There are 2 protein chains.
Amino acid sequence: MKFRVSHKDNRTAARTGILETDHGTVPTPVFMPVGTRASVKSVEASELKAEQVHIILANTYHLYLKPGNDIMQAAGGIHNFMQWDQPLLTDSGGYQVYSLSELRSISEEGVRFKSHLDGSKLFFTPENVVDTQRIIGSDIMMPLDECPPWPAEKSYVETSGAMTVRWAERARSHLEKTAPLYGHSQALFGITQGGTYADVREWTTRELVDLDFDGYSIGGMAVGEPAEEMYRMLELSHTLLPEHKPRYLMGVGTPENILNAIERGVDMFDCVIPTREARNGRVYTRNGYINLRSAKFARDFRPIDEGFPNHVCRTYSRAYIRHLLNVGEILGLKLCTMHNISFYMWLTRTAREHIEQDTFSEWKLEFLETFNAGQPA
Amino acid sequence: MKFRVSHKDNRTAARTGILETDHGTVPTPVFMPVGTRASVKSVEASELKAEQVHIILANTYHLYLKPGNDIMQAAGGIHNFMQWDQPLLTDSGGYQVYSLSELRSISEEGVRFKSHLDGSKLFFTPENVVDTQRIIGSDIMMPLDECPPWPAEKSYVETSGAMTVRWAERARSHLEKTAPLYGHSQALFGITQGGTYADVREWTTRELVDLDFDGYSIGGMAVGEPAEEMYRMLELSHTLLPEHKPRYLMGVGTPENILNAIERGVDMFDCVIPTREARNGRVYTRNGYINLRSAKFARDFRPIDEGFPNHVCRTYSRAYIRHLLNVGEILGLKLCTMHNISFYMWLTRTAREHIEQDTFSEWKLEFLETFNAGQPA
């Protein structure tokens, strides 16, 4: 994997870049739709490409449970399995172990937990999580980490952060002893932790930078802390992370969060918000979100966002999608999902364009003013 | 609407034809996927076109309830509403009134019933069902009919059949007093009834033929009678129906039913079987159906039907679709649905080709032998 910064904004930390993988090139800043179980909910891989999606994310924890490593390996990896021929990133599974599974116990060795599906006893270590990601065949892998809740005692965040750094080093060492299985190379990022304790964030970041990973994930954010705290951590991270390596803010966020993070030097994002909201009928327009389940759209024959350059807005009316949601037709969920993904892709694409033209800050303010002003008339 | 028979099989009643509507031309025999509520479940209109679907069916009863006539008219009809620019046929709603609604009471005037959605009291007459289909804007409309159950007393089938004929005449008369709303012409078929009583089937058919409809639907079949009884009624209908008008066997059926009906002179079919089965993971191959929910496909990386010329088989493996179904991803339902629709389109398309080459009977036997032999190895 190669990364280069192609343009730096002249007033903020925002930058554009080019991430090159064996499955293709990703212009950054970029949003990665979430394909938890080798499927971005209801959307085909070919449809994602048509919406200018460059890279997607899949979850190691979910794929480890089902279909499982043996089937994934027999399939020749996730790209073959789901027929996605573009770049793909996997998380480490750590976050799902903490949020979904029961009876987890964390030790220096790794984390023991019970599957949320069938209660079977499982054990993730920094080493076997790399092995699983070798089998998945993601272009960018994450090391096993622990993501503390917010708020958390400082002593806990320190102990946990130190272990996450040691796990990252073990992951890195195991990576070097193993080889890709399918002929394409696989990068490994380091994940910084430390919650919102600036000094802990700083030393976990410094230690990971010393280990020289292919890129850096900013972890432990978007777990309940105020947005301002997150922005403060991003500003700190910007001063610590090497300029020539990609920066990925895990699990973030709303359009506003994303633009504010881009302004603070972040290159990559993933979040379930656009797809989860879509399944509730909540879709994005440049004038704020609207909830298509509302009866007020029953005779609204305009597109979701008039003039928005995507398939859903070129083709379907609010009234039609509202009808589909209203009668429980799953096509309604798909159209909302495709639209929201497309909106997030437009958001990061437009941010890129404005960074390149040194107009990012003005555009961001203008966009957020209109977007936050609320519902369209 | 125009129809002409383009080729007659030299050994059976099978024929190919061309049905011309203002929304395009339909080669027959043809299968019409069911788009109950202005959506063929989970599939976009553009995807149906790509699968060589020429005409779809929508249900007057469901559309009358939701979105309702006012929204449908404000949308400019169903073609605009769902963005399907090809021909579309609507049923009369009669069948759903009998199968879904409560507390129906049938009189000469029409049928009173309660909505299965909210219990509201509704009244369908031959006239207002034409009005609703004018508002829907289907290319081919059906008159209100009564579809007796099977078995039913002969006296009931006689009385009901006579009323269905009178209702057809009223529908026809009302059609002539009204005009299309959206600039494209709308045909009206007559629906024959009579259950499996040959003499009742014969006189309802003769009376409808005397009224000279644009085409003829063979109703009251596939309601539980043995297939042989249905085939006997089709053979009778073939001797009574005018050769130069299209014949539509409502609600039929399995691949075997469809081929046997084509052999007996039927041109048009609709059925929920392929889409409903798809949602249970049951998909068709030329070697019989398979149930993709089965664990035996977990590592089967072949397509659903090797070499089958459609998007799903060119793109996805059984193992991937089985994984999607297994974890509850709705993309799995969509891929099964698209495949089954595509299979039915292939079935009627291939039947057409063989009729034109006078090889229909041999092909039918050969296909059914392989298809019925069961699961592929």
Side-chain angles (χ1 to χ4, degrees), chain A residues 35-48 50 62-63 65-68 70-76 78 80-85 117 279 295 297-301 303 311-312 314-335 337-338, chain B residues 35-47 50 59 62-63 65-68 70-76 78 80-85 117 279 295 297-301 303 311-312 314-335 337-338:
Chain A
T36 306
R37 299 176 293 197
S39 166
V40 174
K41 293 203 186 304
S42 77
V43 183
E44 290 190 58
S46 53
E47 294 173 311
L48 294 172
H62 289 286
L63 294 173
L65 295 182
K66 284 186 178 182
D70 53 346
I71 291 173
M72 188 58 86
Q73 185 157 8
I78 193 168
N80 261 352
F81 190 51
M82 70 180 288
Q83 291 292 302
W84 170 251
D85 61 4
L117 296 178
R279 295 196 297 281
F297 299 115
R299 295 144 204 284
D300 187 339
F301 295 102
H311 167 64
V312 173
R314 273 192 303 265
T315 313
Y316 301 104
S317 67
R318 295 169 172 188
Y320 179 59
I321 302 173
R322 189 260 167 191
H323 162 71
L324 295 176
L325 296 171
N326 190 36
V327 298
E329 285 284 352
I330 60 180
L331 183 58
L333 305 182
K334 180 201 159 177
L335 298 181
T337 301
M338 279 184 71
Chain B
T36 306
R37 301 176 291 195
S39 166
V40 175
K41 292 198 189 308
S42 76
V43 184
E44 291 190 59
S46 53
E47 294 174 311
N59 293 114
H62 289 285
L63 293 173
L65 296 182
K66 283 186 179 181
D70 52 347
I71 291 173
M72 188 58 86
Q73 186 156 6
I78 193 167
N80 263 349
F81 190 52
M82 69 181 288
Q83 291 291 303
W84 170 250
D85 62 2
L117 296 179
R279 294 197 297 281
F297 298 115
R299 295 145 203 280
D300 187 337
F301 296 101
H311 166 63
V312 173
R314 272 192 304 265
T315 313
Y316 301 104
S317 66
R318 296 170 171 186
Y320 179 59
I321 302 173
R322 189 259 167 193
H323 163 70
L324 295 175
L325 297 170
N326 189 37
V327 297
E329 285 285 351
I330 61 180
L331 182 59
L333 305 182
K334 180 201 161 179
L335 298 181
T337 301
M338 279 185 71

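These numbers come from the heavy atoms of this one structure, side chains and all, not from hydrogens, waters or symmetry mates. It should be emphasised that the depicted structure is a prediction, and the values quoted were computed from it without experimental measurement. In the text below, chain A, chain B and the rest are named by the order of the sequence lines, each starting its count at 1.
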Let me know if [X] has heavy atoms under 4.5 Å from chain B in its side chain, its backbone, both or neither.
X: A:K334; value: side chain
X: A:I71; value: both
X: A:M72; value: neither
X: A:E47; value: side chain
X: A:L335; value: side chain
X: A:V43; value: backbone
X: A:Y320; value: both

Q) Quick one: are B:E44 and A:L331 in side-chain contact, heavy atoms under 4.5 Å? A)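 Yes. Closest side-chain heavy atoms under 4.5 Å.
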(Q) Can you tell me how far apart CG (B:L324) and NZ (A:K66) are? Round to the nearest 0.5 Å. (A)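 B:L324 atom CG to A:K66 atom NZ measures 12.0 Å (nearest 0.5 Å).
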Q.
Distance check, rounded to the nearest 0.5 Å: B:S39 atom OG versus A:I321 atom CD1?
A.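 It comes to 11.5 Å.
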Q | Closest non-hydrogen atom pair, A:T315 against B:Q83 | A |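 Nearest pair, atom of A:T315 first, then B:Q83: O-CG, 2.9 Å.
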(Q) Given 3.5 Å as the limit, does a donor-acceptor pair link the side chain of A:H323 with the main chain of B:R37, or not? (A)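 Side chain of A:H323 to backbone of B:R37: a pair is present.
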Q. Top residue by heavy-atom pair count (under 4.5 Å) with chain A, among B:A45, B:A298, B:S317?
A.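 With the most close heavy-atom pairs to chain A, the winner is B:A298.
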